[in-house]
Amino acid sequence: MVDAKMLDKMTSAPGFIAALDQSGGSTPGALRLYGISESDYQGDDEMYRLIHAMRVRIMKAPAFTGDKVIGAILFERTMDGDVDGEPVPSFLWEKRGVVPFLKIDKGLMEEENGVQLMKPMPDLDALLIRGREKGIFGTKMRSVIAHADKAGITAVVRQQFEVARQIIAQGLVPIVEPEVSIKSPSKTEAEAILRDAIAAELDKLPSGDKVMLKLTIPTVADFYAPLMNHASVVRVVALSGGYSTVDACEKLRQNHGMIASFSRALAEKLRVTMSDAEFNSSIAGTIEQIYAASVAKVGAIAAE
């Protein structure tokens, strides 16, 4: 059963979702950005200890509260970790008012038909049950679209919604994330195919089933506005996709109703060498910047 208070917050509260879910493949890059190179640690256990310490520092920052950060996406190891002895999901919700999500995908397949599908997740039900028992509200899973190939994009969306139905059956709310690469030479065309494919899958969901959509900020402002009005959609959130914080926020301001779910853009100014005062001041400024872009929009909604 979906938590009603968390659902209400995700449906209507102003703010954005922090993506703290770097996995094994992206963790070294996140640590480098933070000022920790591969030569500073030995092996995966030490790497994950360092990234967990960085995430805890973010979560404990005074500005990291549900007033502006309404949700946080966690890597599995982060979900299983703690903050000062308290499990991370309960710390987020009980102490910070931040709704916890769990990244569930196991990475990407090789590119085929211009897309990368998700790798198989044979133990997904067990992970979902464990996440639910720990207080997780929803999940996130990522595919990547590199070209405007209709067969490939249709396959991505079909796979995403097949897994989404499995997640819904376990009482959680899935974030469907078919990312269109910002480097795609056919990004606009891919987004058109993607929007139609998502709309078709949404129409197949039983009444009462809920999903969220995490999408690359579209080339055409308000392009995903029609999806926001679907009865099954809790929220449409934007990934930063490699854009800087400034660029991502500027583009987000053009899209009414869309809120941020940023990872790299959230942490790009943070450094391990910062004092606590410097760190907290830096992240407070970034949170304010992303929050403002999520709630303050410019211009009128574009015609469909």
Side-chain angles (χ1 to χ4, degrees), residues 10-17 19 70-71 73 101 114-115 138-150 152-161 163-164 173-184 186-205 209-243 247-263 265 290-304:
M10 292 314 305
T11 302
S12 58
F16 69 94
I17 298 173
I70 60 174
I73 303 170
F101 291 82
V115 304
T139 63
K140 190 214 80 163
M141 49 193 175
R142 172 176 172 263
S143 311
V144 174
I145 297 166
H147 300 284
D149 184 294
K150 186 172 183 179
I153 294 173
T154 300
V156 160
V157 175
R158 183 182 298 119
Q159 183 193 42
Q160 283 274 343
F161 275 85
V163 180
V173 175
I175 297 178
V176 170
E177 185 185 4
E179 174 182 349
V180 177
S181 171
I182 63 172
K183 298 178 181 178
S184 172
S186 51
K187 182 173 180 285
T188 304
E189 295 84 353
E191 287 167 345
I193 298 168
L194 178 62
R195 188 178 72 174
D196 289 346
I198 291 174
E201 289 292 337
L202 288 172
D203 287 341
K204 296 176 186 177
L205 290 176
D209 282 6
K210 299 292 184 181
V211 302
M212 296 174 62
L213 305 174
K214 183 170 178 176
L215 305 171
T216 307
I217 303 172
T219 302
V220 177
D222 291 319
F223 188 71
Y224 293 124
L227 300 178
M228 297 178 193
N229 298 322
H230 197 283
S232 292
V233 175
V234 175
R235 210 81 179 246
V236 177
V237 305
L239 56 96
S240 50
Y243 291 124
D247 288 344
C249 287
E250 179 58 33
K251 293 176 184 298
L252 183 60
R253 287 189 187 93
Q254 311 299 319
N255 288 272
H256 300 76
M258 204 173 198
I259 66 172
S261 178
F262 293 169
S263 173
I290 297 173
Y291 174 82
S294 292
V295 300
K297 306 301 181 180
V298 298
I301 295 180
E304 185 177 343

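Scanning both residues, Ala148 and Glu189, for their nearest heavy atoms gives CB-CB, 3.7 Å. Minimum interatomic distance between Tyr224 and Thr216 (heavy atoms only, all atoms of both residues): CE1-O, 3.7 Å. Across all their heavy atoms, Ile290 and Cys249 have their closest contact at CA-SG, 3.9 Å. For the residue pair Val157 and Ala197, the shortest heavy atom distance occurs at CG1-O, 3.6 Å. Of all heavy-atom pairs spanning Asn255 and Asp222, the tightest one is OD1-N, 2.8 Å. Shown here for Ala238 and Leu252, the closest heavy-atom pair between the two residues is CB-CD1, 3.8 Å.
Taking Ala155 as the reference, Leu117 meet the side chain to side chain contact (heavy atoms under 4.5 Å, CB included) condition, with sequence neighbours excluded. Every residue two or more places apart in sequence or in another chain that forms a side-chain hydrogen bond (donor to acceptor under 3.5 Å, both in side chains) with Asp203 is listed here: His230. In this structure Lys214 satisfies the side chain to side chain contact (heavy atoms under 4.5 Å, CB included) test together with Ala19, Ile73, Lys140, Ile175, Glu177, Val237, Leu239, Ser261, sequence neighbours excluded. Scanning for side-chain hydrogen bond (donor to acceptor under 3.5 Å, both in side chains) contacts around Glu201 gives Lys204, with sequence neighbours left out. Here Ser294 pairs with nothing under the side-chain hydrogen bond (donor to acceptor under 3.5 Å, both in side chains) rule; sequence neighbours left out. For Lys210, there are no salt bridge (Lys or Arg N to Asp or Glu O under 4.0 Å) partners, not counting sequence neighbours. For Leu205, the side chain to side chain contact (heavy atoms under 4.5 Å, CB included) partners are Phe161, Arg165, Leu202, Asp209, Val211, Ser232, not counting sequence neighbours. Partners of Lys183 under the side-chain hydrogen bond (donor to acceptor under 3.5 Å, both in side chains) rule, at least two apart in sequence or in another chain, do not exist in this structure. Considering only residues two or more places apart in sequence or on other chains, Asp247 meets the side chain to side chain contact (heavy atoms under 4.5 Å, CB included) condition with Tyr243, Ser244.
For the pair Val163 and Pro174, the minimum side-chain heavy-atom distance is 4.5 Å or more.
Salt bridge annotation for Glu191-Arg195: absent, with no cationic side-chain nitrogen under 4.0 angstrom from a carboxylate oxygen.
Atom-to-atom distance recorded for Ile217:CD1 and Phe223:CZ is 15.0 Å, nearest 0.5 angstrom. Atom CG of residue Leu194 and atom OG1 of residue Thr154 lie 9.5 Å apart, to the nearest 0.5 angstrom. Once rounded to the nearest 0.5 Å, the distance linking OG of Ser143 with CD1 of Ile153 reads 11.5 Å. Thr11 OG1 to Arg235 CZ: the interatomic distance, rounded to the nearest 0.5 Å, is 7.5 Å. Here CD1 of Ile182 is found 10.5 Å from OG1 of Thr219. Values are rounded to the nearest 0.5 Å.
Put simply, the side chain of Gln160 gets close to the backbone of Met141: a donor and an acceptor are under 3.5 Å apart.
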